[in-house]
Amino acid sequence: MKKKIAILLSGRGSNMESIVRNVQNGILKNICEVALVLSNKEDAYGLTIANEFGVQTKVIISKGKKRTEFEQEVIKFLKSYNLDYIVLAGFMRILSPLFVRAYKNKIINIHPADTAQFQGVGGYEWAFKNKLETTKITVHYVDEGVDTGGIIAQKEVDLRGTDTLEEVEKLGLKVEHEFYSEALLNLFKK
Ligand code: GAR
């Protein structure tokens, strides 16, 4: 049975794009289907990309709402989809226990650092400022903490030879784009 997923994002959507490409014509074909892409920001560029790929989109604005109010709206909206997993791809909101409990062990995130070493926003800045020779991209379950959920898979990125934050980001994102789909494939085919 194909896994049914929703992808949640807040911005650029490059990870969402690589997952959708893999679902339509790559390693995730016949493994999962993207029921929709949901954004908490109406101007997220990822929405434009999702539309171009023919994926249904939905905006539920979070700004100006209490965290639980926003999440209740999302939960209510998603209910009829009967999703197997929620895949976060640059979704820049911390999810409260309300949401995490509604989708226990079903929310997956990609983090641009080793979650054991760095949590929160700015994983590449952290690696760059600390002059790390390598960093680890982490795909993990979302639990009630910030980037504390169980690790599903990690991939090391060799940062030697990079001189600027932009170079670090470019290198890291390239790895993210392949690695997220690989990690989802391994999880979904179990
Ligand atoms: C990615 O680098 C992702 O790992 C990061 O945001 C970027 C989103 O890019 N996520 C986090 O920092 C979560 N803590 P994208 O919108 O182009 O996929």
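Atom set for the values below is all heavy atoms of this structure, side chains included, hydrogens, waters and symmetry mates excluded. As the structure lists them, so they are numbered: ligands from 1, and atoms in each ligand from 1. Position 1 is the first residue of the sequence; numbering continues from there.
Taken to the nearest 0.5 Å, the NZ atom of Lys2 stands 8.5 Å off from the SG atom of Cys32. Taking CG of Leu98 as the reference point, atom CD of Glu144 lies at 10.0 Å (rounded to 0.5 Å).
In summary, Glu71 and Arg93 do not engage in a salt bridge, as defined by a charged side-chain N under 4.0 Å from a carboxylate O. Ion pairing between a basic and an acidic side chain is recognised when a charged N comes within 4.0 Å of a carboxylate O; Arg160 and Asp158 show such pairing.
The contact set between ligand 1 and Gly120, taken as ligand atoms under 4.0 Å from a residue heavy atom, comprises 14 (N). Interface atoms of ligand 1 facing Ser14, defined by a heavy-atom separation under 4.0 Å, are 15 (P), 16 (O), 17 (O), 18 (O). Near Ile110, meaning under 4.0 Å from one of its heavy atoms, ligand 1 places the atoms 4 (O), 10 (N), 13 (C).
The residue among Arg93, Glu169, Glu176 with a heavy atom at the shortest distance from atom 3 (C) of ligand 1 is Glu176. Summarising the contacts of atom 16 (O) of ligand 1 with Pro112, Gly13, Gly172, the nearest heavy atom is found in Gly13.
With a 6.0 Å cutoff to the six-membered ring centre and a 45° limit on the axis angle, Arg21 does not count as a cation-pi contact of Phe53. For the pair Lys106 and Tyr85, the cation-pi criterion (under 6.0 Å, within 45° of the ring axis) is fulfilled.
Looking only at protein heavy atoms, the nearest one to atom 6 (O) of ligand 1 is Met92 CE, 3.3 Å. Atom 9 (O) of ligand 1 has Arg12 NH2, 2.9 Å as its closest protein atom, hydrogens excluded (heavy atom only). Of the protein's non-hydrogen atoms, His111 ND1, 3.4 Å is the one closest to atom 14 (N) of ligand 1.
Looking at Asn15 next to ligand 1, an N or O pair under 3.5 Å apart turns up. Checking only distances, Asp147 never comes within under 3.5 Å of ligand 1, N or O to N or O.
For the pair Met92 and Lys41, the minimum side-chain heavy-atom distance is 4.5 Å or more.
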